[in-house]
Amino acid sequence: MEAENPRAVMGGNNPPSLAEVLADRHAGLFALVEPLAKRANEQPKTLSTEEENFALGEVVKAATEAFSSIEGARVEEKAPFLRDGKIVDDTFRGPKERLDKIIKGLSARADAYAHQKKLEARRKALEEEQKLRDEEERLRRLATFEADIGDTDAAEVHAEIAETVAFRASQAAETTTARAADLTRARSDTGMLATASDKWDFRVADWSKVDIAALRPYLTVDVLEKALRAHIRTHKGSMPIAGVEFVEMTKASFR
């Protein structure tokens with residue numbers, strides 16, 4: 001014979017899940033939903049009389065009250081978890097904030113060092129490139145002079161050297177625009193790799209002069225809709241915007 005209580009059998013001592021406990025505890029509240037859904041489905045798709053409007057309003061009021069009751073129960077049930085979560089966050093916040101301060105403070109020093117190292121490497125490469133370009137030009141002038149006086153062997157030698165110098169100059173030129181990772185990479189005796197990366201940021205000198213049109217491709221729909229709603233709250237439909245149709249809506253309420 002099966003036990004009437006499913007937990008009164010082998011393995012039946014497992015505690016119910018939180019979802020099961022909540023569903024059982026608030027079964028009365030949850031039971032309000034189905035009858036209201038049935039009443040909602042019985043309402044006409046389009047209202048044509050006050051009687052129909054009042055009948056629909058009764059359903060809206062009852063559904064609103066049920067929603068508030070269920071939401072209140074949810075908030076009450078969740079409150080202990082939020083309190084415990086806050087205790088967890090507060091307990092770990094102090095040590096994390098101290099370590100974060102250490103990381104950011106020291107990293108800022110490393111950023112400054114890497115930036116200076118990158119600029120210095122690019123400066124030296126630029127000087128080297130200019131030096132090599134000058135040498136290349138000197139050798140080509142010399143080769144031309146030697147060719148003009150008939151010393152073809154010497155001219156060929158100096159022309160070949162000029163090509164080698166030109167190649168070295170092109171290598172130096174590449175270094176002047178090399179990535180930070182290539183200019184700052186170093187490895188310690190213990191095997192630690194120190195490197196850096198290039199990152200562009202911005203500082204706004206005058207917000208009134210910022211070209212919004214230039215940023216248009218990067219403005220998401222959510223951002224634009226937020227701006228449009230702010231515009232509507234201020235101007236209603238009195239100030240048109242190209243590409244936008246402002247529509248006056250009517251929102252019903254029941255008390």
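Here the CD-CG distance, from Q130 to L126, works out to 7.5 Å after rounding to the nearest 0.5 Å. Rounded to the nearest 0.5 angstrom, H158 NE2 and D153 CG are separated by 11.5 Å. To the nearest 0.5 Å, atoms OG1 (T176) and CD (E127) are separated by 12.0 Å. The line from CZ of R233 to CG of L228 is 10.5 Å long, rounded to the nearest 0.5 Å. The structure places CZ of F246 at 9.5 Å from CE of M239, a figure rounded to the nearest 0.5 Å. The NZ atom of K226 sits 12.5 Å away from atom CG of L219, with the distance rounded to the nearest 0.5 Å.
Heavy atoms from other residues, nucleotides or ligands lying under 6.0 Å from OH of Y113 number 12 at most. By the 6.0 Å contact criterion, NE2 on H231 is enclosed, its count of non-hydrogen atoms from other residues, nucleotides or ligands being greater than 12. Heavy-atom neighbours of E71 CD from other residues, nucleotides or ligands within 6.0 Å: above the threshold of 12. Dense packing is recorded around CZ of R122, with more than 12 heavy atoms of other residues, nucleotides or ligands lying under 6.0 Å away. Heavy-atom neighbours of E245 CD from other residues, nucleotides or ligands within 6.0 Å: at or below the threshold of 12.
A salt bridge (Lys or Arg N to Asp or Glu O under 4.0 Å) with R25 is found for exactly one of E20, E76, E77, namely E77. No option in R141, R133, R140 other than R141 meets the side chain to side chain donor-acceptor pair (under 3.5 Å) test with E137.
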>> Is there a side-chain contact (heavy atoms from CB on, under 4.5 Å) between D151 and F145? Walk through the geometry before answering.
In response: CA-CA 9 Å; D151 192 352; F145 171 75; over 6 Å; no
> So V33 and I70, side-chain contact (heavy atoms from CB on, under 4.5 Å) or not? Walk me through it.
Replying inline: CA-CA 10 Å; V33 177; I70 291 175; 4.1 Å; yes
> Going through the checks in order, is the side-chain contact (heavy atoms from CB on, under 4.5 Å) test met by V59 and K38?
Replying inline: CA-CA 10 Å; V59 179; K38 184 175 183 299; over 6 Å; no
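Proximity of a side-chain donor or acceptor of E120 to a complementary backbone N or O of Q116 within less than 3.5 Å is not detected. In this structure a side-chain-to-backbone donor-acceptor pair under 3.5 Å is present from Q43 to R39. Between the side chain of H26 and the backbone N or O of L22 there is no donor-acceptor pair closer than 3.5 Å. N41 contributes a side-chain N or O that, together with a main-chain N or O of A37, makes up a donor-acceptor pair within less than 3.5 Å. At distances below 3.5 Å, not a single donor-acceptor pair connects side-chain atoms of T184 with backbone N or O atoms of A114.
Transitive grouping of hydrophobic side chains (ILVMFWY, heavy atoms separated by less than 4.5 Å) brings L132 and I161 into a common cluster. Using a 4.5 Å cut-off between side-chain heavy atoms of Ile, Leu, Val, Met, Phe, Trp and Tyr, with links allowed through other members, L36 and L56 fall into different hydrophobic clusters. Each of M249 and I232 belongs to its own hydrophobic cluster when Ile, Leu, Val, Met, Phe, Trp and Tyr are linked at side-chain heavy-atom distances under 4.5 angstrom. Y218 and F202 fall into different hydrophobic clusters, where Ile, Leu, Val, Met, Phe, Trp and Tyr side chains are chained together by heavy-atom contacts under 4.5 Å.
Using a cutoff of 4.0 Å between basic side-chain nitrogens and carboxylate oxygens, E135 and R138 are scored as salt-bridged. In this structure, K124 does not pair ionically with E128, as no charged nitrogen and carboxylate oxygen lie closer than 4.0 Å.
Looking at every heavy atom in both residues, A159 comes nearest to A143 through N-CB, 3.9 Å. In terms of heavy-atom proximity, A173 sits nearest to E129 at CB-OE2, 3.4 Å. Residue A73 comes nearest to L29 through the heavy atom pair CB-CD1, 3.8 Å, listed as atom of the first residue, atom of the second, then distance. When all heavy atoms are compared, the tightest approach of A121 to T175 is O-CG2, 4.4 Å.
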Considering only distance and modelled atom types, tabulate donor-acceptor pairs under 3.5 Å from the side chains of residues 60-67, sequence neighbours left out.
{"from": "T64", "atom 1": "OG1", "to": "V60", "atom 2": "O", "distance (Å)": "2.7"}

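A 4.5 Å side-chain heavy-atom check between K131 and V165 finds every atom pair outside the cut-off. Looking at R93 and D90, their side chains come closer than 4.5 Å, going by heavy atoms from C-beta outward. Two residues are said to be in side-chain contact when any heavy atoms from C-beta on lie closer than 4.5 Å; R123 and L119 fail this criterion. Side-chain contact check for F54 versus E50: some heavy-atom pair is nearer than 4.5 Å.
Counting only residues at least two apart or on different chains, no ring pair (Phe, Tyr, Trp, His ring centres under 6.0 Å) pair has a member in residues 162-191. Applying the salt bridge (charged side-chain N to carboxylate O under 4.0 Å, His left out) test to every pair with at least one member in residues 173-199, sequence neighbours left out, gives these pairs: K118-D198, R179-D182, D182-R185.
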